[in-house]
Amino acid sequence: MKKIVIFTGAGISAESGLKTFRASDGLWEEHRIEDVATPEAWRRDPHLVLEFYNQRRRGVVAAQPNAAHRALAELQTAANVHVITQNIDDLHERAGSQQVLHLHGEIMQARSSANEALLYDTRGNDIRWGDVCELGSQLRPHVVWFGEAVPMFDKALALTAEADIFLVVGTSLAVYPAASLLQFVKPDAQKYIVTLDLTEPPRDDFVWLKEKATVGVPRLVEQWLAV
Ligand code: NAD
């Protein structure tokens with residue numbers, strides 16, 4: 001069975017109503033990274049950080065998977081599919097994808113600020129100041145902030161290196177080390193990118209489909225299911 005690895009970013013969830021980071025109406029237009037998504041921000045103003053991610057979580061709870069998420073789940077009937085996502089939303093899982101690795105954490109989970117192994121299901125609820133883990137430490141969102149290590153990176157790298165087909169969807173490839181995964185794809189793997197814009201032009205060995213995720217992804221999946 002072929003191994004297909006899909007590497008996704010905020011663009012795959014844009015048509016579900018979740019804002020990307022870098023679009024002109026994106027999240028960073030309204031919030032500075034340094035104010036809400038760094039360990040320093042958490043130390044300086046945890047209330048603002050909690051509220052920023054509480055808003056993100058409410059948005060995710062209200063959103064539904066779109067045709068791109070659903071097509072990737074359908075692909076599992078014919079191939080060994082692994083999704084590596086930079087997204088903190090749970091739309092891949094809600095569409096039915098079973099092997100999903102979150103590089104940058106999961107907004108639906110809360111984490112102890114004293115021990116990163118202690119995770120708690122928020123069930124979609126806000127994390128409030130004063131909500132504590134079993135050790136008595138404040139809960140924070142289970143997301144990887146800028147400047148923090150990416151603990152799942154090695155696992156993602158191993159999956160990437162084994163892919164027969166590697167498909168990138170909805171990412172500007174601007175965030176590292178995530179974007180460096182592309183360097184580890186086998187030379188003879190089939191390689192595609194479905195995304196509207198890129199920070200730099202894609203490598204020559206990637207086919208760039210410059211279209212919306214809900215258009216390009218179902219079409220590719222249909223082709224793969226037909227062979
Ligand atoms: P990004 O905002 O840097 O780039 C988004 C990319 O998606 C751009 O290339 C854009 O052209 C493309 N795009 C926008 N709408 C699209 C559509 N309908 N179809 C196809 N492509 C579309 O996002 P990124 O590269 O994922 O980068 C950074 C960080 O953003 C990640 O660390 C991630 O954790 C975080 N993020 C996650 C979510 C989420 O969980 N849904 C939302 C916003 C940001």
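We count ligands from 1, going down the list as the structure has it; atoms in each ligand are counted the same way. Along the sequence shown, residues are numbered consecutively beginning with 1.
Atoms of ligand 1 lying under 4.0 Å from at least one heavy atom of I88, given by number and element, are 39 (C), 40 (O). Within ligand 1, counting atoms from 1 as listed, the ones closer than 4.0 Å to a heavy atom of D89 are 39 (C), 40 (O), 41 (N). Of all atoms in ligand 1, numbered sequentially from 1 with element shown, those under 4.0 Å from a heavy atom of A213 are 17 (C), 19 (N), 20 (C). Interface of E211 with ligand 1, defined as ligand atoms under 4.0 Å from a residue heavy atom, comprises 20 (C). For ligand 1, the atoms closer than 4.0 angstrom to any heavy atom of E15 are 17 (C), 18 (N), 19 (N). The K19 neighbourhood of ligand 1 comprises atoms 42 (C), 43 (C), with distances under 4.0 Å to a heavy atom of that residue.
For a threshold of 3.5 Å applied to N or O pairs, the pair formed by L18 and ligand 1 contains no separation below that value. Considering backbone and side-chain N/O of T171, one or more are found under 3.5 Å from N/O of ligand 1. Between V175 and ligand 1, no N or O atom pair is found at a separation short of 3.5 Å. Residue-to-ligand polar distances keep A14 apart from ligand 1: every N/O pair is separated by 3.5 Å or more.
Proximity of the aromatic rings of W42 and Y53 is defined here by a centroid distance below 6.0 angstrom, and this criterion is not met.
A salt bridge does not link R56 to D89: none of the charged side-chain nitrogens sits closer than 4.0 Å to a carboxylate oxygen.
For R58, the CZ atom counts as densely surrounded, since its 6.0 Å shell holds more than 12 non-hydrogen atoms of other residues, nucleotides or ligands. With a 6.0 Å radius and a threshold of 12 heavy atoms from other residues, nucleotides or ligands, D204 has its CG atom at or below the threshold. For NZ of K212, the number of neighbouring non-hydrogen atoms (other residues, nucleotides, ligands) closer than 6.0 Å is 12 at most. For E222, the CD atom sits in a loose shell: 12 or fewer heavy atoms of surrounding residues, nucleotides or ligands are nearer than 6.0 Å.
If you check each of N66, L196, T214, V168 against atom 21 (N) of ligand 1, the one with the closest non-hydrogen atom is L196. Between atom 5 (C) of ligand 1 and the options A179, A178, G170, G9, the minimum heavy-atom separation is to G170.
In the model, H69 has no side-chain atom that pairs as donor or acceptor with a side-chain atom of S97 under 3.5 Å.
The shortest heavy-atom distance from L198 to ligand 1 is not under 4.0 Å. A heavy-atom separation below 4.0 Å is not found between R56 and ligand 1.
With H102 as reference, E93 is the one residue of Q109, Q86, E93 to meet the side-chain hydrogen bond (donor to acceptor under 3.5 Å, both in side chains) rule.
Looking only at side-chain heavy atoms (C-beta outward), V5 and I165 stay at 4.5 Å or farther from each other.
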